[in-house]
Amino acid sequence: MTDEDLTDLPGPVRAELTRLRAERVVFVSERERLLEQLREADETTRGLMADRDRLAEQVSELGDRLRTGSDREDRDEALSAELAGAHQDREALRAELTRTRAERDRLRLRLLDAELALAGTGGVETAGPAPTTPAGERDRVAAAEARAAHLARELAATRATVSWRVTAPLRAVRRRGRQP
């Protein structure tokens, strides 16, 4: 039995066969439409998966940046704390330097006093009435000469110190700055 040879079939069977053929055409077209939708959905799914992978990579990069940022903040806090400690140490060292310099100056004065005592000039007394006689005049001149000699030795001792030699360029610059 072929499609053209439907004449031998009774009418209701022919009608049913025609109805079934029409349904088959509808189902085939529906299947084609659904297959097309499936292909589109598959393409959309592939695109969404690519977007998902790209976004996952971006999230990973942002996480790394966030961790790097928090590491930097931690490092900054540690450096700030270290800097504060260094400032405290510097202030403590400055105070110690001030105390040491005061002690050095005190010891230098004691040393100069001891050198003067050894030299026998132990200090020139200026508090008393000045003699008015020519012999008193000679004593006063001798005392002034002894005082001048003492001051010259003291100046020479000061100039012989390391600090005097180290600060010589600074004094020269200051002198040049004062000149008009």
Side-chain angles (χ1 to χ4, degrees), residues 26-127 143-180:
V26 170
F27 285 142
V28 167
S29 67
E30 181 68 18
R31 183 185 81 188
E32 291 299 320
R33 187 182 64 78
L34 289 174
L35 284 173
E36 182 61 31
Q37 284 181 348
L38 182 61
R39 279 191 288 274
E40 288 174 3
D42 192 36
E43 288 177 24
T44 304
T45 303
R46 277 192 230 113
L48 289 173
M49 289 174 62
D51 287 345
R52 180 201 64 193
D53 293 342
R54 183 180 49 80
L55 288 174
E57 187 175 312
Q58 286 178 349
V59 166
S60 174
E61 289 175 10
L62 289 175
D64 291 344
R65 288 182 186 170
L66 182 61
R67 280 191 295 280
T68 302
S70 66
D71 290 346
R72 284 183 184 158
E73 289 175 3
D74 293 343
R75 207 171 341 135
D76 288 347
E77 289 175 11
L79 288 174
S80 295
E82 189 175 329
L83 181 62
H87 283 297
Q88 290 174 348
D89 290 346
R90 181 187 68 190
E91 293 304 319
L93 289 172
R94 282 183 176 170
E96 181 64 27
L97 179 62
T98 303
R99 284 191 301 274
T100 304
R101 284 180 176 166
E103 178 69 16
R104 179 199 63 196
D105 292 344
R106 188 182 59 76
L107 290 174
R108 279 184 179 170
L109 289 175
R110 286 183 59 199
L111 177 63
L112 286 174
D113 288 343
E115 287 177 354
L116 288 175
L118 286 175
T121 58
V124 177
E125 291 185 25
T126 58
E145 288 175 351
R147 179 75 177 149
H150 163 67
L151 291 175
R153 281 193 309 274
E154 193 173 318
L155 180 61
T158 301
R159 287 185 176 164
T161 63
V162 174
S163 65
W164 183 266
R165 286 180 279 166
V166 168
T167 58
L170 178 63
R171 287 190 308 279
V173 168
R174 283 184 180 165
R175 266 187 249 120
R176 286 183 195 136
R178 285 185 209 146
Q179 293 175 355

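Taking CZ of Arg104 as the reference point, atom OG1 of Thr161 lies at 8.5 Å (rounded to 0.5 Å). In this structure, Asp105 CG and Leu109 CG are separated by 7.0 Å, a value rounded to the nearest 0.5 Å. Expressed to the nearest 0.5 Å, how far CG of Leu35 lies from CD of Glu30 amounts to 10.0 Å. Summarising the geometry, atom CZ belonging to Arg31 is positioned 12.5 Å from atom CG belonging to Leu38; distances are rounded to the nearest 0.5 Å.
Listed by chain and residue number, Asp42 satisfy the side-chain hydrogen bond (donor to acceptor under 3.5 Å, both in side chains) test with Arg46 (two or more places apart in sequence, or in another chain). For Thr158, there are no side-chain hydrogen bond (donor to acceptor under 3.5 Å, both in side chains) partners two or more places apart in sequence or in a different chain. Partners of Arg90 under the side-chain hydrogen bond (donor to acceptor under 3.5 Å, both in side chains) rule, at least two apart in sequence or in another chain, are His87.
When all heavy atoms are compared, the tightest approach of Val166 to Pro169 is O-CD, 3.3 Å.
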Got a list of side-chain donor-acceptor pairs under 3.5 Å for residues 48-58, not counting sequence neighbours?
none

Less than 3.5 Å apart, which donor and acceptor atoms pair up between the side chains of residues 95-103 and the rest of the protein, not counting sequence neighbours?
unit_1: Glu96; atom_1: OE1; unit_2: Arg99; atom_2: NH2; d: 2.5
unit_1: Thr98; atom_1: OG1; unit_2: Arg94; atom_2: O; d: 2.9
unit_1: Thr100; atom_1: OG1; unit_2: Glu96; atom_2: O; d: 2.7
unit_1: Glu103; atom_1: OE1; unit_2: Arg106; atom_2: NE; d: 3.4
unit_1: Glu103; atom_1: OE1; unit_2: Arg106; atom_2: NH2; d: 2.9
unit_1: Glu103; atom_1: OE2; unit_2: Arg106; atom_2: NH2; d: 2.3

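Open room surrounds CD on Glu82; 12 or fewer heavy atoms of other groups in view lie less than 6.0 Å from it. Enclosure of atom CZ in Arg39 by more than 12 non-hydrogen atoms of other residues, nucleotides or ligands within 6.0 angstrom is indicated.
Residue pairs satisfying the salt bridge (Lys or Arg N to Asp or Glu O under 4.0 Å) criterion with at least one member in residues 163-175, sequence neighbours excluded, are absent.
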